[in-house]
Amino acid sequence: MGTRDDYKFLTIKDAYSSINQKVNLIGIILEFGFPKRTRGTDYCCSLRIIDETHHQTGMSVNIFAENAERLPHVAAGGDIIQLSHVMVKKHGEEINAVFNKKYSSFALYKGEDGDDVDDVAPYQFSSKFLQRDEDKNFIVNLRKWLLSFELREDASDFPMLREIKEGHINLACKIVHCCEVAQDEWFIFVWDGTDTPSNVVCSKLEDEMSCPLPLQPERLPLPRELLCTFPTVGSILRITFDIGVDKNYLHLLPIGKWIKFVNMRLEVHAGLWFGVFTPFTKLRYTPNDDCLILECQRLYDQRISLELGRMPSSSLPLSTCTTEVNYDHVPYVTLMDVLTHSEVTAKFKCVARVVAALPREPEKLRSPFGTYRMRLTLEDPTMRIHAFVLAEDGETLFDGYPEIDNLTRKLNRLLGISDCDDSIGAKDGPRNPPWVPFCLKSYYIDKSDIWGCRYFRIFDTKIVEEA
DNA sequence: TTGGGG
């Protein structure tokens, strides 16, 4: 047993004025990172704890151990950590606690198990940890406080997917799926009900045959059965992992749960957004009634109750000066609705952008038989798909067989290339295609495998003449 | 010792 001081826990507020002292702390884990290797020989994880004396910023704690196993394996944000003999240190303007493997100890307790005094067994503790009866009341009191505590997040700290920018940001979103797409290549799929901003596309159209613009960030398309479990409105952001991030902790991201990510890196590749979970990314305590989550759900409910709620947010109000479609009475659907539709043959009306075309040269749009035969890559906030323009559908789209100049102009308008850009160099410059309405139909070419050979084609869509 | 954040 230690000295009398061992029985005392400092509040976080008091710890702030105990610089260079060894203290005992107990707090709720507000956020935590995955274990990572230090530049020395050890492993480290940092977490942030709060208590009723300091629930806005709390205090950051850095924990070191010889290996990742000995670090705290936090089961969930909101759990309780008891820290003994940690040193309070000042780093710049920040004050934090440092766990030293030689003299510090920790124990982890569930946070939301209720206030049963008998249920205070730690689910993990370090080698130097000694459990004492006196600790139990602290655990019970913290759990009681947590029940009544309402985490006040500043919404401006957690942009929605519709507001994201490249760089480091926080995200509050729902885990839709998590899988290993290739050997040691994991993806998390997240959603918050809004549409990610569309990006300029920089691909070389001449290379579309040999190096097609990808349809999704993951290398292979996901099976349709899986896509059918995804929401069909709102973007699904793919998150990959930086090297050095331990994938053994992915169970902390269960499908269906809303979670707040802190310090996630966001990038755009081939015009597609994706997040990168870095060694500095942390998970933040996200109760089910978190104010940010409730607001996301409210905005989504409001969105899908609107008649135009399935259209890309940034396409509204929709300009109809590029294409005209039939089916005025049919509501617009998303490309994800199209991909996950229950029937293999069906007709749809969508708003999408043409991000690539094959062939690109107008003189090659017709097959040796003289009929149209081309492939467009369509994009909306939910998905990219290939859609063919064939025979009579091409005659409708381009209004018969116009001269090459006219055909070029029409195709360029779909692709977002202005006429004055029509020099060879400018064609490869960044494109920002407009949102345009399309009629799409799905069809199959092999009766023995109708889903395996399902394709999409554009029909009843006409590029309107410029005024 | 190490990291602490972008």
Side-chain angles (χ1 to χ4, degrees), chain A residues 10 12-13 15-23 25 27-51 54 56-74 77 81 83-106 108 126-128 153-154 156-159 161 163-173 237 239-246 249 259-269 273-285:
Chain A
L10 249 52
I12 295 173
K13 185 166 172 282
Y16 263 88
S17 52
S18 307
I19 295 166
N20 293 328
Q21 292 178 49
K22 265 188 231 169
V23 302
L25 297 173
I28 300 285
I29 299 168
L30 178 67
E31 61 188 42
F32 61 102
F34 290 3
K36 59 189 180 207
R37 210 189 276 271
T38 66
R39 266 187 288 165
T41 55
D42 281 348
Y43 283 75
C44 167
C45 81
S46 59
L47 41 87
R48 184 171 288 280
I49 56 171
I50 53 169
D51 68 11
H54 220 282
Q56 276 308 312
T57 46
M59 182 176 270
S60 173
V61 186
N62 297 309
I63 300 170
F64 298 95
E66 293 91 341
N67 54 51
E69 288 67 42
R70 292 191 180 191
L71 287 171
H73 294 232
V74 181
I81 190 162
L83 295 155
S84 301
H85 304 127
V86 288
M87 185 74 87
V88 179
K89 282 196 177 173
K90 193 160 191 242
H91 171 79
E93 289 308 299
E94 269 244 59
I95 292 168
N96 49 49
V98 178
F99 178 101
N100 187 302
K101 63 189 174 190
K102 292 193 193 74
Y103 52 75
S104 308
S105 71
F106 73 81
L108 284 171
S126 65
S127 56
K128 294 187 173 58
E153 295 287 11
D154 189 342
S156 63
D157 290 338
F158 287 86
L161 291 180
E163 299 154 330
I164 55 175
K165 293 180 172 64
E166 281 179 275
H168 291 85
I169 60 162
N170 305 331
L171 290 176
C173 42
L237 179 75
I239 297 171
T240 59
F241 291 86
D242 233 358
I243 41 166
V245 178
D246 194 331
Y249 300 89
I259 190 99
K260 285 177 281 185
F261 294 96
V262 174
N263 204 9
M264 167 91 70
R265 195 168 79 226
L266 280 177
E267 299 180 4
V268 177
H269 280 228
W273 284 102
F274 70 93
V276 182
F277 196 108
T278 77
F280 312 109
T281 302
K282 290 188 174 74
L283 303 181
R284 185 176 265 241
Y285 175 46

**Report entry** Test applied, side chain to side chain contact (heavy atoms under 4.5 Å, CB included); reference residue, A:K282; option that passes from A:E31, A:M264, A:R48
**Finding:**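 Of the listed options, the one satisfying the test is A:E31.
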
Requested in this report: Have a look at A:F99 and tell me which of A:I81, A:I63, A:L71 forms a side chain to side chain contact (heavy atoms under 4.5 Å, CB included) with it.
Outcome: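 Checked A:I81, A:I63, A:L71 against A:F99; only one passes side chain to side chain contact (heavy atoms under 4.5 Å, CB included): A:I63.
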
Query raised in the report: Does any N or O donor sit under 3.5 Å from an N or O acceptor when you compare the side chain of A:K101 with the base of B:dT1?
Result: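 In this structure, the two groups form a donor-acceptor pair.
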
Query raised in the report: Is there a donor N/O on one and an acceptor N/O on the other, under 3.5 Å, for the side chain of A:N263 and the base of B:dG5?
Result: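 Counting by modelled atom types and ignoring angles, no donor-acceptor contact under 3.5 Å is found here.
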
Let me know the distance between [atom1] of [X] and [atom2] of [N], rounded to the nearest Å.
X     : N     : atom1 : atom2 : result
A:L30 : B:dG4 : CG    : P     : 17 Å
A:K36 : B:dG5 : NZ    : C1'   : 9 Å
A:N96 : B:dT2 : CG    : C1'   : 13 Å
A:E93 : B:dG3 : CD    : P     : 21 Å
A:F32 : B:dG5 : CZ    : P     : 16 Å
A:K90 : B:dG3 : NZ    : P     : 21 Å
A:E31 : B:dG5 : CD    : C1'   : 11 Å
A:F64 : B:dG3 : CZ    : P     : 7 Å

In terms of side-chain heavy atoms of [X], which of [options] is nearest?
X      : options             : result
A:K102 : B:dT2, B:dT1, B:dG4 : B:dT1
A:H91  : B:dG4, B:dG5, B:dT1 : B:dG4
A:E94  : B:dT1, B:dG3, B:dG5 : B:dG5
A:K282 : B:dT1, B:dG5, B:dT2 : B:dG5

Query raised in the report: Where does the angle between the aromatic ring planes of A:Y16 and A:H54 fall among parallel (under 30°), tilted (30 to 60°) and perpendicular (over 60°)?
Result: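 Ring orientation of A:Y16 relative to A:H54: parallel.
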
**Report entry** Closest contact, heavy atoms only, A:F106 versus A:R70
**Finding:**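 Scanning both residues completely, I find the closest heavy atoms to be CE2-O, 3.4 Å.
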
Report task. Hey, could you give me the CD1/OG1 distance between A:I49 and A:T57, rounded to the nearest 0.5 Å? Result ->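 Answer for the CD1-OG1 pair, A:I49 versus A:T57, is 11.0 Å.
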
Query raised in the report: How do A:R48 and A:N100 order along DNA chain B: which one's closest nucleotide is nearer the 5' end?
Result: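 First, find each residue's nearest nucleotide; the 5'-ward one identifies A:N100.
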
Report task. Would you please confirm or rule out a distance under 4.0 Å between OP1 or OP2 of B:dG3 and any side-chain N or O of A:R39? Result ->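 Looking at the OP1 and OP2 atoms of B:dG3, one of them is under 4.0 Å from a side-chain N or O of A:R39.
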
